[in-house]
Undergrad: 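Structure in C-alpha cells, see below.
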Amino acid sequence: MTSNSVCKVLLDILADAGGCQIFGVTGDALNPLLEAMRGDSRFEWIGVRHEENAAYAAYAQAHLTGGIGICAGTVGPGALHLINGLYNARREGAGVVAITGQVAHRERGTGYHQEVNLEKVFEDVCGYQAVINSPDQMPRLAQIAVQRALINREVVRIELPIDISEQQVPSLHQLHPILKTPSTLIPPESEIDRAAEIINAGRKVALFAGVGCREAKDKVLALSQRLNAPITHSLKGKDVFDYDDPNVVGMTGLIGNPGGYHAVRDCDVLVMLGTDFPYEWFLPENAKIIQIDRNVEHLGRRAPIASGLLGDVGATLDLLLPKLAAKDDRAFADRQVKLCTKWLAQQDRDSSLERDTEPLHPQLFARQVSDKAADDAIFAMDIGECTVWVARQTRMKGGRRMVGSFNHSSLGSGLPSALGAAALDPQREVWAFCGDGGFGMSMQDFVTAVRYEWPIKVLVFNNQTLGFVKMEMEVAGYPLNPAATDLVNPDFAEYARVCGGDGVRVEHAADIPEAVARAKESRKPFIIDAMVTPGELVMPPHIDTKMAWGFGMSKLKEGILLAKGEHAQWDNWVKELKANL
C-alpha cells in the first residue's frame, strides 16, 4: 500500500488534527485501515471488545482534551454498535470522528451480507457524513468532517467502502492544514449594555455556571466577588468549581443541595454562564434571566430570558465586568453559603466510617476515594445512584477532572470512559464509579485495561438492584417491582482476578480504607466490589407535594401487595428503614 492510498491520506488528516489513538473492533472493511497504520508511529489501534465502548472511550478523550476522539466499526453490525456511544458524544458536545466500513458499491441495494444504509441510520447523530465513493473525494470530504468535529464539536462519520479504501488518491492538491483553534465569539455592545443594566438593578443576583466556564473560571469568580453573588453550578461544572472557591454553593436539581437550589430559585436576577441545564422546574419563575452561551440554540430554550448574549463566557465577561457596579450587600450570598455549609456537614456525617450498618452505605466508599485519590485524578462515572455519590461525596480540588454521560445518561458508560481517559496517560490516576447494572453492561472491556496495562480503579456499588430506577418508580407512585429491578451479580473482585487484574470485595466499613489504598497502589486494573445497601434514599434539596404524594402512594401499594403475600415488599421496607434511620 503506497503512501497515497485512501486510508493513508485519512491518517495524515487525522494526525494533523491531533488524533493518534483509534478505538475499535476491526473487520474486513477496516483491514486496509489497519494495514495503513502498520509501522506508523503516529497512531495506536486500541482493540476493544465492543464498538459501543469504543465510542464512549473516544468521547472521553474528546471531552478531556478538547480535541477529537476517534472510534471505528466495520460494516453493518459493527458500525451500528457505535451509535449509542456516539449519541452520548453528541449530547455532550464532544468532537468524535467515527470511521466505518461499507460493502462494495456493486453490492449496494442487493440485500448483501451485512448491508445497511448507514447514511440513513447515522443521519440524526452525525453533524456531517463523509461518504467516500471515489478516491479523489478523500482529501476534501475527510477534511470537512474532521474540521467540523474539531471546531464545531460535532460527531462526524467517515465511510470507507471496501472497494475504495485500498485505492490510490490521484491528487493531494486539496490537502490543507486543519484549523485547530476556534475563533472567539463576542456579543454586540448593545446587548452587553442591556445585560449590565439588568444586573445593576438587581438586589439578589445569582450565578449559574456550567462546563462552558472551564476556560473562564477566574473571570466568573471575579464577577461573583464584584456582585457578592452565590455561584451554583451544573453537574458538568463540578470539576470547574469547588466548594473551596469563594461563594460556590454547589449544585441544584434533584441531586443538588439547598444552597444551590435556593440561590437559583430565590434570586431576582440569574446569570446563566455556559450551561444548558435542562430541568426548567428548578429555574426561577419570576427572576430576570441573563444567559451567556456560544451556542445560539441554548439561549432561552429552558426558560424565558431578559437578555441573551451569544458569545464565549470569558470574552463576554471581559466586556461586561467593567460596566457592572460593585454590590456591598452580602446577605443573599451568605444565606446560601450557610445552607450549603450545613448540608456539607451532613454529607460528612453520612459518609463517616462510623456508620457501619451492613450492607454498607454507598457514601462511605465515594468519600474514601475522594479523600485518597490523586489531586489530578480523573473520575469516570456511570449513571444512576453512583452519579449521586460522586456529585455529593467527591471533591474536585486541584486538577481533578470528571467525565460521564451527563446529558444522554446512558447506562454502561463509566468503564469505557475510564479506558479512554487511561489511554491518554496511563500514569494518571483514573477511577471509574459504576453501579452494578452499568458495570454489567460493559464489563467485557475490563480485559482491555488488562491487555494494555492501564491500572484503572473501578468502584462497583453492588446493591444487586437498579437502584435509581427503583427510586424513580417510588417517586412516581409505583410499588417495588423486583422482577424489573433486581440483579444477580457475580463476585466482581473474583472476576477482576480471572481477567488478569486484581480486586477485593468489601462488606465491612473498617475495610474500606485499606481497599481504596490497595486499588490506588495497584499497577493492575483493580475492582472494589462494594457491597452496599439498596435501601439508601436520595433526598432532593426540595421535596414538593407531587414527590411526597408519589412516594406515599408507592408505600401504600407496597403494603397492599404485602398483604397479598408478596414478601419482597417487606424486605424492601426493612432495607430502607435500616439504611435511612
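Keep in mind that what you see is a predicted model, and the values were worked out from it rather than measured.
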Undergrad: I'd like to know whether R294 forms a salt bridge (charged side-chain N to carboxylate O under 4.0 Å, His left out) with E215, so could you lay out the CA-CA distance, the side-chain angles of the two residues, the decisive distance to 0.1 Å, and finally the verdict.
TA: CA-CA 13 Å; R294 67 171 291 112; E215 304 302 323; over 6 Å; no

Undergrad: Can any side-chain N or O of D312 pair as donor or acceptor with the backbone N or O of G314 at less than 3.5 Å?
TA: no

Undergrad: Evaluate the side-chain proximity of Q129 to E159: yes if any heavy-atom separation is below 4.5 Å, no if none is.
TA: no

Undergrad: How far apart are the C-alpha atoms of E429 and K457, what are their side-chain angles, what is the distance that settles it, and do they pass the salt bridge (charged side-chain N to carboxylate O under 4.0 Å, His left out) test?
TA: CA-CA 8 Å; E429 198 171 294; K457 298 88 173 61; 5.9 Å; no

Undergrad: Please report the shortest heavy-atom distance between R214 and K236, naming the atom on each side.
TA: NH2-O, 4.3 Å

Undergrad: Any idea which heavy atoms bring L141 and V131 closest together, and the distance?
TA: CD1-O, 3.6 Å

Undergrad: For the residue pair Q61 / Q21, report whether a side-chain donor-acceptor contact shorter than 3.5 Å exists.
TA: yes

Undergrad: Heavy-atom distance under 4.5 Å between the side chains of L459 and C386, does that happen here?
TA: no

Undergrad: Has the side chain of R153 got a donor or acceptor atom that lies under 3.5 Å from a matching backbone atom of G67?
TA: yes

Undergrad: Between E119 and R108, is the closest basic N to carboxylate O distance under 4.0 Å?
TA: no

Undergrad: Does the R301 side chain pair with the main chain of D276, one donor and one acceptor, at a distance under 3.5 Å?
TA: no

Undergrad: Which atom names give the shortest non-hydrogen contact between A209 and T275, and what distance separates them?
TA: C-CB, 4.3 Å

Undergrad: Ignoring hydrogens and angles, tell me if any N or O in the side chain of T387 forms a donor-acceptor pair with the backbone of D382 under 3.5 Å.
TA: yes

Undergrad: With rounding to the nearest 0.5 angstrom, report the CZ to CD distance, F365 to Q393.
TA: 13.0 Å

Undergrad: Would V116 and V75 count as a side chain to side chain contact (heavy atoms under 4.5 Å, CB included) if you check the C-alpha gap in whole Å, the side-chain angles of each, and the deciding distance to 0.1 Å?
TA: CA-CA 8 Å; V116 173; V75 301; over 6 Å; no

Undergrad: What I want to find out is whether R518 reaches D502 closely enough, with some N-O distance under 4.0 Å, to be called a salt bridge.
TA: yes

Undergrad: Looking at Q464 and N489, would you say the former's side chain and the latter's main chain have a donor-acceptor pair under 3.5 Å?
TA: no

Undergrad: Within the structure provided, determine whether F433 and F461 are in side-chain contact (heavy-atom separation under 4.5 Å).
TA: yes

Undergrad: State whether E123 and K120 are salt-bridged, where the test is any N-O pair (Lys NZ or Arg NE/NH1/NH2 against Asp/Glu carboxylate O) under 4.0 Å.
TA: no

Undergrad: Has Y59 got a side-chain atom pairing as donor or acceptor with G404's backbone, closer than 3.5 angstrom?
TA: yes

Undergrad: Flag the pair I144 / V156 as yes when at least one side-chain heavy-atom distance between them is below 4.5 Å, and no otherwise.
TA: no

Undergrad: Would you say R90 and D124 make side-chain contact, with heavy atoms under 4.5 Å?
TA: yes

Undergrad: Is there side-chain contact between W389 and V538, with heavy atoms separated by less than 4.5 Å?
TA: yes

Undergrad: Report, as yes or no, whether the 6.0 Å neighbourhood of atom CD on E453 holds more than 12 heavy atoms from other residues, nucleotides or ligands.
TA: no

Undergrad: Using every non-hydrogen atom in the two residues, find where L82 and A98 come nearest and quote the distance to one decimal.
TA: CD1-CB, 4.4 Å

Undergrad: Does the side chain of N84 come under 3.5 Å of the side chain of S410 through a donor N or O and an acceptor N or O?
TA: yes

Undergrad: So do the side chains of E166 and C7 get within less than 4.5 Å of each other, counting heavy atoms only?
TA: no

Undergrad: To the nearest 0.5 Å, what is the distance between CG (L273) and OG (S234)?
TA: 10.5 Å

Undergrad: Under the rule for side-chain contact (heavy atoms from CB on, under 4.5 Å), what residues qualify as partners of P525, not counting sequence neighbours?
TA: F446, A449, V450, I456

Undergrad: Do R157 and F122 form a cation-pi contact, if we require the NZ or CZ to be under 6.0 Å from the six-membered ring centre and within 45 degrees of the ring's axis?
TA: yes

Undergrad: Have a look at D239 and tell me which of R395, K217, R401 forms a salt bridge (charged side-chain N to carboxylate O under 4.0 Å, His left out) with it.
TA: R401

Undergrad: When you measure from the side chain of E51 to the backbone of L80, do you find a donor-acceptor pair of N or O atoms at a distance under 3.5 Å?
TA: no

Undergrad: Any idea which heavy atoms bring K8 and A36 closest together, and the distance?
TA: N-CB, 4.1 Å

Undergrad: Can you tell me how far apart CG (N152) and OH (Y128) are? Round to the nearest 0.5 Å.
TA: 12.5 Å

Undergrad: When you look at I186 and L309, which way does the side chain to side chain contact (heavy atoms under 4.5 Å, CB included) test go after all the steps?
TA: CA-CA 8 Å; I186 59 173; L309 302 179; over 6 Å; no

Undergrad: Is there a donor-acceptor contact under 3.5 Å from the side chain of Y452 to the main chain of G47?
TA: yes

Undergrad: Could you pull out the closest heavy-atom pair between L10 and L160, with the gap in Å?
TA: CD2-CD1, 4.0 Å

Undergrad: Are P416 and V48 close enough that some pair of their side-chain heavy atoms sits under 4.5 Å apart?
TA: no

Undergrad: Just do the side chain to side chain contact (heavy atoms under 4.5 Å, CB included) check on L254 and F282 with the steps written out, would you?
TA: CA-CA 9 Å; L254 288 172; F282 285 99; 3.9 Å; yes

Undergrad: Go through D242 and R400 one step at a time and tell me if the side chain to side chain contact (heavy atoms under 4.5 Å, CB included) criterion holds.
TA: CA-CA 10 Å; D242 189 66; R400 288 181 177 177; over 6 Å; no

Undergrad: According to the interplanar angle, ranging from 0 to 90°, do the rings of H408 and Y87 count as parallel (below 30°), tilted (30 to 60°) or perpendicular (above 60°)?
TA: parallel

Undergrad: Taking the side chain from Q147 and the backbone from Q143, do they hold a donor-acceptor pair closer than 3.5 Å?
TA: no

Undergrad: Report the distance from atom CG of N53 to atom OG of S442, rounding to the nearest 0.5 Å.
TA: 5.5 Å

Undergrad: Please round to the nearest 0.5 Å and tell me the distance separating atom CG of L466 and atom CG of L487.
TA: 4.5 Å

Undergrad: Test D436 against every option in D529, V532, V460 by the side-chain contact (heavy atoms from CB on, under 4.5 Å) rule and name the one that passes.
TA: V460

Undergrad: For T465 and T485, indicate whether the former's side chain and the latter's backbone hold a donor-acceptor pair under 3.5 Å.
TA: yes

Undergrad: Closer than 4.0 angstrom, basic N to acidic O: yes or no for D445 and R49?
TA: no

Undergrad: Look up atom CD in E107 and atom CD in Q102, then write down how far apart they are to the nearest 0.5 Å.
TA: 11.0 Å

Undergrad: Tell me yes or no: between the side chains of D136 and S134, is some donor less than 3.5 Å from an acceptor?
TA: yes

